[in-house]
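These notes concern the structure reproduced below.
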Amino acid sequence: MKNIWSLPDHLFCSLNGLRSLNISSNWLQDVNDLGVREKPQVKDESGNSTTVSCNLDLEDLDVSQNDFVLLPGSGFGMLKRLKLLKIHDKEISVVVDKALNGLKELKL
């Protein structure tokens with residue numbers, strides 16, 4: 001994938017067998033635009049608010065060479081099984097406290 005600026009919410013969430021995802025060398029500017037975050041409050045058919053979860057089992061994520069400036073708190077936290085995160089070759093100027101919170105499987 002090249003020349004991508006954002007991805008639809010939950011784009012990858014239904015891909016239960018997805019273990020590796022490479023969306024490097026694009027123009028993504030916000031971790032929230034990766035298509036893997038939970039959407040906190042969504043109204044269902046009956047008008048009730050509910051949380052839509054994203055249960056990805058991703059182990060390897062390459063988002064290097066994008067235009068991220070900020071890594072938000074718990075920005076990758078929904079990726080509980082993530083072992084490898086590639087996020088290099090760009091200038092990230094702000095890393096919020098607990099930006100990698102929830103990534104218990106991440107290898108250094």
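Starting from 1, each residue takes its place in the sequence as its number. Fair warning: this is a prediction, and the values are worked out from it, not measured in the lab.
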From Leu79 atom CG to Arg81 atom CZ, the distance as rounded to the nearest 0.5 Å: 12.0 Å
Do Leu28 and Asp67 come within less than 4.5 Å of each other through their side chains, counting heavy atoms only? no
Contacts of Arg19 that satisfy side chain to side chain contact (heavy atoms under 4.5 Å, CB included) - sequence neighbours left out: Asp57, Glu59
Evaluate Leu34 against Phe68 for side chain to side chain contact (heavy atoms under 4.5 Å, CB included), listing each step before the verdict. CA-CA 11 Å; Leu34 292 175; Phe68 298 120; 4.0 Å; yes
I'd like to check Phe76 versus Ile87 (side-chain heavy atoms, cut-off strictly below 4.5 Å). Are they in contact? yes
Smallest separation among heavy atoms of Leu18 and Ser20, with atom names: CD1-O, 3.4 Å
Evaluate the side-chain proximity of Trp27 to Asn66: yes if any heavy-atom separation is below 4.5 Å, no if none is. no
Side chain to side chain contact (heavy atoms under 4.5 Å, CB included) assessment of Leu70 paired with Val96: CA-CA 7 Å; Leu70 165 75; Val96 175; 3.4 Å; yes
For Val69, which residues count as a side chain to side chain contact (heavy atoms under 4.5 Å, CB included) partner, sequence neighbours excluded? Ser93
Between Val94 and Leu71, is the side chain to side chain contact (heavy atoms under 4.5 Å, CB included) condition met? List the steps. CA-CA 6 Å; Val94 177; Leu71 289 186; over 6 Å; no
For Asp30, which residues count as a salt bridge (Lys or Arg N to Asp or Glu O under 4.0 Å) partner, sequence neighbours excluded? none
Do Leu106 and Leu100 touch side chain to side chain, with heavy atoms closer than 4.5 Å? yes
Could you measure the distance from the NZ atom of Lys104 to the NZ atom of Lys80? Nearest 0.5 Å is fine. 7.0 Å
Residues in side chain to side chain contact (heavy atoms under 4.5 Å, CB included) contact with Leu84, at least two apart in sequence or another chain: Asp60, Lys86
Interatomic spacing from CD1 in Ile23 to CG in Leu7 - rounded to 0.5 Å: 5.5 Å
Polar side chain donor-acceptor pair, Gln65 to Asp89, under 3.5 angstrom: yes
Considering all heavy atoms of both residues, which atom of Ser24 and which atom of Asn22 are nearest to each other, and what is their separation? OG-OD1, 2.7 Å
Residues that Asn101 engages under side-chain hydrogen bond (donor to acceptor under 3.5 Å, both in side chains), provided they are two or more places apart: none
Please identify each residue that fulfils side-chain hydrogen bond (donor to acceptor under 3.5 Å, both in side chains) with Trp5, with sequence neighbours left out. none
